[in-house]
Amino acid sequence: QVQLVESGGGLVQAGGSLRLSCAASGRTSIRYAMGWFRQAPGKEREFVAAINWRGDSTSYLDSVKGRFTVSRDNAKNTVYLQMNSLKPEDTAVYYCAAEWYHYCSGYACSPRPADFGSWGQGTQVTVSS
């Protein structure tokens, strides 16, 4: 299994930026896609962004396109989520996820939490208005 540790969450004003990091350990030699989900109070966990193993294909939730950027550094076993132009509705606990072996992107692609085999503990992101 893969162990994931997120960092970089915090409190920011609307319009501000945060960069989340997720460091992986364990089964890092296996090629899998990684992603980010978020969960706000009283809501289901929703997909935010994902990136394939090579880092040359990404997928995003429509409402974060153009504001969030997912990237990865396989030499450091780390995936990042750069979040710009943050809005109060982005407030949630953000979770890193790994071991997605059937990566997809595009209109018909809708990643589910069950598609991922490993999860981090989550990091809180709060955007004030």
Side-chain angles (χ1 to χ4, degrees):
Q1 197 172 7
V2 178
Q3 291 76 47
L4 303 171
V5 178
E6 303 103 331
S7 60
L11 173 65
V12 64
Q13 289 188 334
S17 298
L18 283 174
R19 188 193 196 203
L20 305 183
S21 298
C22 173
S25 61
R27 297 173 59 187
T28 57
S29 62
I30 299 176
R31 301 179 179 184
Y32 45 74
M34 297 183 70
W36 292 91
F37 284 72
R38 67 187 181 187
Q39 189 166 18
K43 295 187 177 181
E44 294 187 352
R45 191 168 298 191
E46 70 173 351
F47 169 76
V48 176
I51 187 167
N52 69 345
W53 179 83
R54 289 185 298 273
D56 58 4
S57 179
T58 56
S59 181
Y60 295 96
L61 177 68
D62 283 347
S63 63
V64 308
K65 286 180 180 178
R67 301 189 297 122
F68 290 12
T69 302
V70 61
S71 61
R72 67 190 294 169
D73 184 339
N74 288 339
K76 296 181 179 180
N77 297 320
T78 301
V79 65
Y80 306 95
L81 185 66
Q82 177 66 44
M83 305 185 293
N84 299 327
S85 302
L86 282 161
K87 304 175 180 181
E89 51 264 41
D90 294 319
T91 295
V93 177
Y94 282 71
Y95 296 90
C96 176
E99 295 195 275
W100 184 23
Y101 296 102
H102 302 285
Y103 174 82
C104 63
S105 64
Y107 178 77
C109 181
S110 182
R112 305 165 300 161
D115 293 331
F116 293 77
S118 298
W119 291 86
Q121 81 286 354
T123 185
Q124 177 70 46
V125 171
T126 303
V127 185
S128 63
S129 58

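- Among the candidates Asp56, Val79, Thr69, the single residue satisfying the side-chain contact (heavy atoms from CB on, under 4.5 Å) test with Ile51 is Val79.
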Passes side-chain contact (heavy atoms from CB on, under 4.5 Å), Thr91 versus Gln124? Steps please.
CA-CA 8 Å; Thr91 295; Gln124 177 70 46; 4.0 Å; yes
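- Looking at every heavy atom in both residues, Lys76 comes nearest to Thr78 through O-OG1, 2.9 Å.
- Note that CZ of Arg27 is 8.5 Å distant from CD of Gln1, once rounded to the nearest 0.5 Å.
- Put simply, Tyr80 and Val48 are part of two different groups of oily side chains (I, L, V, M, F, W, Y) that touch within less than 4.5 Å, one to the next.
- Of all non-hydrogen atoms in Ala33 and Tyr103, the two that sit nearest each other are CB-CD1, 3.8 Å.
- For the atom pair CZ of Arg38 and CZ of Arg45, the computed distance is 13.0 Å after rounding to the nearest 0.5 Å.
- To the nearest 0.5 angstrom, Tyr95 atom OH is 12.0 Å from Trp36 atom CH2.
- Here SG of Cys104 is found 7.5 Å from CG of Asp115. Values are rounded to the nearest 0.5 Å.
- Here the rule is side-chain contact (heavy atoms from CB on, under 4.5 Å) with Thr123, and of Leu20, Val5, Val93 only Leu20 fits it.
- Going from atom CE of Met34 over to atom OG of Ser71 covers 11.0 Å, rounded to the nearest 0.5 Å.
- Remark: side-chain polar atoms of Ser105 are not paired, donor with acceptor, to backbone N or O of Thr58 under 3.5 angstrom.
- In this structure a side-chain-to-backbone donor-acceptor pair under 3.5 Å is present from Asn52 to Gly55.
- Residues Lys87 and Asp90 are not paired through a salt bridge, judged by the lack of any N-O separation under 4.0 Å between the basic side chain and the carboxylate.
- Checking side-chain atoms of Tyr60 against main-chain N and O of Val70 turns up a donor-acceptor pair under 3.5 Å.
- To the nearest 0.5 Å, atom CZ of residue Phe47 and atom OG of residue Ser59 are 4.0 Å apart.
- In plain terms, the two heavy atoms of Gln82 and Ser17 that are nearest each other are NE2-CB, 4.0 Å.
- In terms of heavy atoms, Leu4 sits closest to Val2 at CD2-CG1, 3.6 Å.
- Considering Tyr94, Trp119, Trp100 as possible partners of Phe37, the one that fulfils the ring pair (Phe, Tyr, Trp, His ring centres under 6.0 Å) test is Trp119.
- Contact between Ala97 and Phe116 at its shortest, heavy atoms only, is CB-CD2, 3.5 Å.
- Panel note: side chain Arg31, backbone Arg54; no donor-acceptor pair is recorded below 3.5 Å.
- Looking at Phe68 and Leu61, their side chains never come closer than 4.5 Å, going by heavy atoms from C-beta outward.
- Judged by distance alone, with hydrogens and angles left aside, the side-chain atoms of Glu6 form a donor-acceptor pair with the main-chain N or O of Gly122 at under 3.5 Å.
- Here the shortest heavy-atom pairing between Leu18 and Gly8 reads CD2-O, 3.8 Å.
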